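Okay, so here's the structure we're looking at.
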Amino acid sequence: AQKVTQAQTEISVVEKEDVTLDCVYETRDTTYYLFWYKQPPSGELVFLIRRNSFDEQNEISGRYSWNFQKSTSSFNFTITASQVVDSAVYFCALRRTNDYKLSFGAGTTVTVRA
Amino acid sequence: GAVVSQHPSRVICKSGTSVKIECRSLDFQATTMFWYRQFPKQSLMLMATSNEGSKATYEQGVEKDKFLINHASLTLSTLTVTSAHPEDSSFYICSARGWAGREGMNTEAFFGQGTRLTVV
């Protein structure tokens, strides 16, 4: 069974602060994919990143960075110098290599105050 | 990039009526579409998986007779909530999987805009 845990329910920061969202997953598969999505108040899901379990390199995209550690089954997400527009619910998700269904974490609500 | 369009974005219906939600892949052929449901302040839960031309596969606990899914073409899947009741009020969102573009970009990661259903 696949399980994704996002222990942080809500995080509130002041603009320009960094914020790190934790994601811990459980799977019996040796290969799998991990995802992060952003859900702004409007509701749509915005794809941020997909990571293959074979690729443990950390990734940076602008103010976003991801830290994948297979040894601890974690795929954490950091927003650097947060902005008000970053306010949203962020979901971590997992899927098996040969099955395209996604298992989502509970989500973390990030509020960035001006 | 690959685009998935969902319609309507919001719908309010009376209890006992049926509502149809459409999910379209605009620039690629969607061999598989997924329907998720999200209750307020909760996560997304998969309801069913539909493959073009075949019956949908429903997750445990989802009533197939209540949530009718049709995936008759490679660009369109529909979810019909039959005899809707207030407890069906939720955010329904689809995603589509297929291949797009010359480089065969995997489109699995893209979702529609979602449909907020309110049953009164």
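Owing to the predicted nature of the structure, the values given are computational and were not obtained by experimental measurement.
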- Identify, with sequence neighbours excluded, every residue that meets side-chain contact (heavy atoms from CB on, under 4.5 Å) alongside Val85(A).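 By the side-chain contact (heavy atoms from CB on, under 4.5 Å) rule, Val85(A) matches Gln83(A).
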- Just give me the residue among Ser95(B), Gly114(B), Ser9(B), Ser43(B) that pairs up with chain A most often, heavy atom to heavy atom, under 4.5 Å.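 Maximum pair count with chain A is reached by Ser43(B).
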Measure distances from [X] to the heavy atoms of chain A and classify the residue's part below 4.5 Å as side chain, backbone, both or neither.
| X | value |
| --- | --- |
| Leu46(B) | side chain |
| Glu59(B) | side chain |
| Thr49(B) | side chain |

- Nearest 0.5 Å please: distance from the CG atom of Leu21(A) over to the OG1 atom of Thr78(A).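 Rounded to the nearest 0.5 Å, the CG-OG1 separation comes to 8.0 Å.
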- Message: Suppose the criterion is salt bridge (charged side-chain N to carboxylate O under 4.0 Å, His left out): which pairs have a residue in residues 33-47 of chain A, not counting sequence neighbours?
- Response: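 Qualifying pairs, neighbours excluded: none.
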- Item | Region of Gln39(A) in contact with chain B, defined by heavy-atom distances below 4.5 Å |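 For Gln39(A), the side chain is the part near chain B, not the backbone.
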- Within 45° of the six-membered ring axis of Phe75(A) and under 6.0 Å from that ring's centre, is NZ or CZ of Arg51(A) located there?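 Judged by the rule, Arg51(A) and Phe75(A) form no cation-pi pair.
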- Item | Pairs of heavy atoms under 4.5 Å with chain B: top-ranked of Ser103(A), Gly43(A), Gly107(A) |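 Greatest number of close heavy-atom pairs with chain B: Gly43(A).
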- Query: So with a 6.0 Å cut-off around CG of Leu26(B), is the heavy-atom count from everything else above 12?
  - Reply: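 Yes, because the 6.0 Å sphere around CG of Leu26(B) holds more than 12 heavy atoms from other groups.
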